[in-house]
2 protein chains.
Amino acid sequence: MALHLEARPSRLPSAPPLAGLSPLETEAVELFVGLAQVVGLPKSIGQIYGLLYISATPLSLDDITRRLDISKGSASQGLKFLRTTGAVRLGDENGSRCDRYQAETGLRTLATGFLKEQIEPRLSNGSDRLARLKRLAEMVPAEQREHVGQRVKQLESWHGRAATVLPLLIRLLGK
Amino acid sequence: MALHLEARPSRLPSAPPLAGLSPLETEAVELFVGLAQVVGLPKSIGQIYGLLYISATPLSLDDITRRLDISKGSASQGLKFLRTTGAVRLGDENGSRCDRYQAETGLRTLATGFLKEQIEPRLSNGSDRLARLKRLAEMVPAEQREHVGQRVKQLESWHGRAATVLPLLIRLLGK
DNA sequence: ATGACTGTTCAAAAAATATTGAACAGTCGG
DNA sequence: CCGACTGTTCAATATTTTTTGAACAGTCAT
């Protein structure tokens, strides 16, 4: 993710061309590019989702590459991610021969998919580390025994807190 | 942030040297490097915080560069970030002539600092975009009027939801 | 004032990540 | 079966982000 260790005048991404889009669409796409950056996803994914979100009709991969002016590869990968994450699905009224996508707009759906795919795996990885840390903490010189024990206990409490708060958070995001 | 669009065998960061550290410290550092990655911060920041977190005594910038084997520049910038974010503070028992740091360990403190510094600015940026989007939505061809209006309304509801949930979340992280 | 030490800054280098584009596999209609 | 079309994959490339290291500023003891 972009981290602003830098000076104050935090540079804006300096709006790219975004050729085939109406002003409304451009604005929507930029909005979602910003959101994507907040949660650490690539720009192209924000663009794709933003375009689908504002579009009144389902769009094909080809529509997307043309309007957004990105490569077929990017669009394909981006859609794949959005699909497996549940943020996008095949259009309802799908008549034509090629796949058309539309945005899934339930906040809970989006959040759940994102947490499941992006956060959960890393956290469970963290669990392993925590377990190993705990073992190591037991064989520490007496001098540090107390301090280290305290820290490990705290980490465990964090872990527990996270485990209860995350589901609750999803509930809060409501239907 | 690292995004795994890629194949299944999601490569692990392949543990670096981490010379001057005890096994316990190494484990703690790696744990926090992982956490840092989850929230999209550079590795060096995770390393620094992890080392301070597990250390029984406050450490100087020089201690940090030597033990972690990172450059003075990285350490200085990382500490700066951790300071302004409230994750680290000057040691209590500060006798010597150089600054020594220790980790701030309140979960709420950490979360608040992070949200304030990293998330809030981006979200307020998003507010501007949303306002502009709303204006554009009013001048849309009749055909799309309904759809676009619905989407804009939904975005506003998301925004409201976020505004209520974030503070609540901080409360949940407790004391 | 000088030299040793601590810490910051920032341009350049390195590393990590995202995007492209071309090769490929699959499908459909004729 | 062929050729046109849709979509995926992945190595090469481009871009972004992080890290380094050297120059610099400040402090302090002598």
Side-chain angles (χ1 to χ4, degrees), chain A residues 1-14 16-18 33 36-37 39-49 58-66 68-84 88 90-91 94-101 118, chain B residues 1-18 33-34 36-37 39-49 58-66 68-84 88 90-91 94-101 118:
Chain A
M1 180 206 278
L3 171 60
H4 300 278
L5 295 171
E6 300 297 65
R8 203 34 73 75
S10 155
R11 61 173 167 32
L12 306 179
S14 84
L18 246 28
V33 167
Q37 289 188 158
V39 299
L41 296 173
K43 184 163 99 163
S44 62
I45 286 181
Q47 291 177 288
I48 296 168
Y49 185 82
L59 266 32
S60 72
L61 186 145
D62 198 57
D63 293 335
I64 292 171
T65 61
R66 264 182 301 103
L68 251 23
D69 189 36
I70 63 180
S71 72
K72 209 153 49 120
S74 264
S76 176
Q77 287 203 160
L79 279 171
K80 176 158 130 184
F81 172 82
L82 290 167
R83 251 180 288 133
T84 75
V88 137
L90 285 166
N94 223 326
S96 162
R97 70 131 123 303
C98 74
D99 298 345
R100 290 171 177 279
Y101 295 96
Q118 301 296 114
Chain B
M1 177 203 278
L3 171 59
H4 298 279
L5 294 172
E6 299 297 64
R8 204 33 71 76
S10 155
R11 52 155 177 43
L12 306 178
S14 85
L18 244 30
V33 167
Q37 288 188 158
V39 299
L41 295 174
K43 186 163 98 162
S44 62
I45 286 182
Q47 291 177 291
I48 296 168
Y49 185 82
L59 300 176
S60 70
L61 186 146
D62 198 57
D63 293 334
I64 291 170
T65 61
R66 264 183 301 103
L68 251 20
D69 189 36
I70 62 180
S71 71
K72 212 157 43 127
S74 264
S76 176
Q77 288 203 160
L79 280 171
K80 175 158 130 185
F81 172 82
L82 290 168
R83 253 180 288 133
T84 75
V88 137
L90 286 166
N94 224 325
S96 160
R97 68 132 124 306
C98 73
D99 297 345
R100 290 171 178 278
Y101 295 96
Q118 300 297 113

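We name chains A, B, ... by the order of the sequence lines, and we start the count at 1 in each one.
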Practice task
Begin with the C-alpha distance, continue with both residues' side-chain angles, and end with the deciding distance and a verdict on salt bridge (Lys or Arg N to Asp or Glu O under 4.0 Å) for Arg66(A) and Asp69(A).
Solution key: CA-CA 5 Å; Arg66(A) 264 182 301 103; Asp69(A) 189 36; over 6 Å; no
Practice task
Mind checking Ile70(B) for me? I need base, sugar-phosphate or nothing, with any heavy atom below 4.0 Å counting as a touch.
Solution key: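 Since only primed, P, OP1 and OP2 atoms lie under 4.0 Å of Ile70(B), the category is sugar-phosphate.
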Exercise for the section: Select base, sugar-phosphate, or nothing to describe what Ser60(A) touches, counting heavy atoms under 4.0 Å on all strands. Expected result: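 Nothing: the residue Ser60(A), judged by heavy atoms under 4.0 Å, touches no strand.
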For [X] and [N], what is the distance between atoms [atom1] and [atom2] respectively, to the nearest whole Å?
X: Ile45(B); N: dA16(C); atom1: CD1; atom2: P; result: 16 Å
X: Leu59(B); N: dT6(C); atom1: CG; atom2: C1'; result: 16 Å
X: Gln47(B); N: dT19(D); atom1: CD; atom2: P; result: 7 Å
X: Ile64(A); N: dT8(D); atom1: CD1; atom2: C1'; result: 15 Å
X: Leu79(A); N: dT19(C); atom1: CG; atom2: C1'; result: 15 Å
X: Arg66(A); N: dG7(D); atom1: CZ; atom2: P; result: 12 Å
X: Asp62(A); N: dT8(D); atom1: CG; atom2: C1'; result: 15 Å
X: Leu61(B); N: dT27(D); atom1: CG; atom2: P; result: 17 Å

Problem - Presence of Ser76(B) side-chain N/O under 4.0 Å of dT8(C) phosphate oxygens OP1/OP2 - result: yes
Problem - side-chain N/O Lys43(B) vs dA16(C) OP1/OP2, d < 4.0 Å - result: no
Practice task
Determine, step by step, whether Asp62(A) and Lys72(A) satisfy the salt bridge (Lys or Arg N to Asp or Glu O under 4.0 Å) criterion, reporting the C-alpha distance in whole Å, the side-chain angles of both residues, the deciding distance to 0.1 Å, and the verdict.
Solution key: CA-CA 8 Å; Asp62(A) 198 57; Lys72(A) 209 153 49 120; over 6 Å; no
Side chain of [X] only, heavy atoms from C-beta on: which candidate in [options] is closest?
X: Ser71(A); options: dT19(D), dG7(C), dG21(C); value: dG21(C)
X: Pro42(A); options: dA18(C), dG7(C), dC5(C); value: dA18(C)
X: Arg83(A); options: dT8(D), dT20(D), dG7(C); value: dT8(D)

Practice task
Return one dot-bracket line describing DNA chain D 5' to 3' (Watson-Crick or G-U wobble pairs, both distances under 3.5 Å; ( ) same strand, [ ] crossing, | another strand, . none).
Solution key: ||||||||||||||||||||||||||||||
Distance check, rounded to the nearest 0.5 Å: [X] atom [atom1] versus [Y] atom [atom2]?
X: Gln47(B); Y: Ile64(B); atom1: CD; atom2: CD1; answer: 11.0 Å
X: Ile48(A); Y: Leu41(A); atom1: CD1; atom2: CG; answer: 11.0 Å
X: Gln77(B); Y: Ile45(B); atom1: CD; atom2: CD1; answer: 8.5 Å

Practice task
Ignoring hydrogens and angles, tell me if any N or O in the side chain of Thr84(B) forms a donor-acceptor pair with the backbone of Phe81(B) under 3.5 Å.
Solution key: yes
Handout entry: Along DNA chain D (nearest heavy atom to each residue), the more 5'-positioned of Ala75(B) and Lys72(B)
Key = Ala75(B)
Handout entry: Nearest atoms (heavy-atom pairs only) where Leu61(A) meets Ala75(A)
Key = CG-CB, 4.3 Å
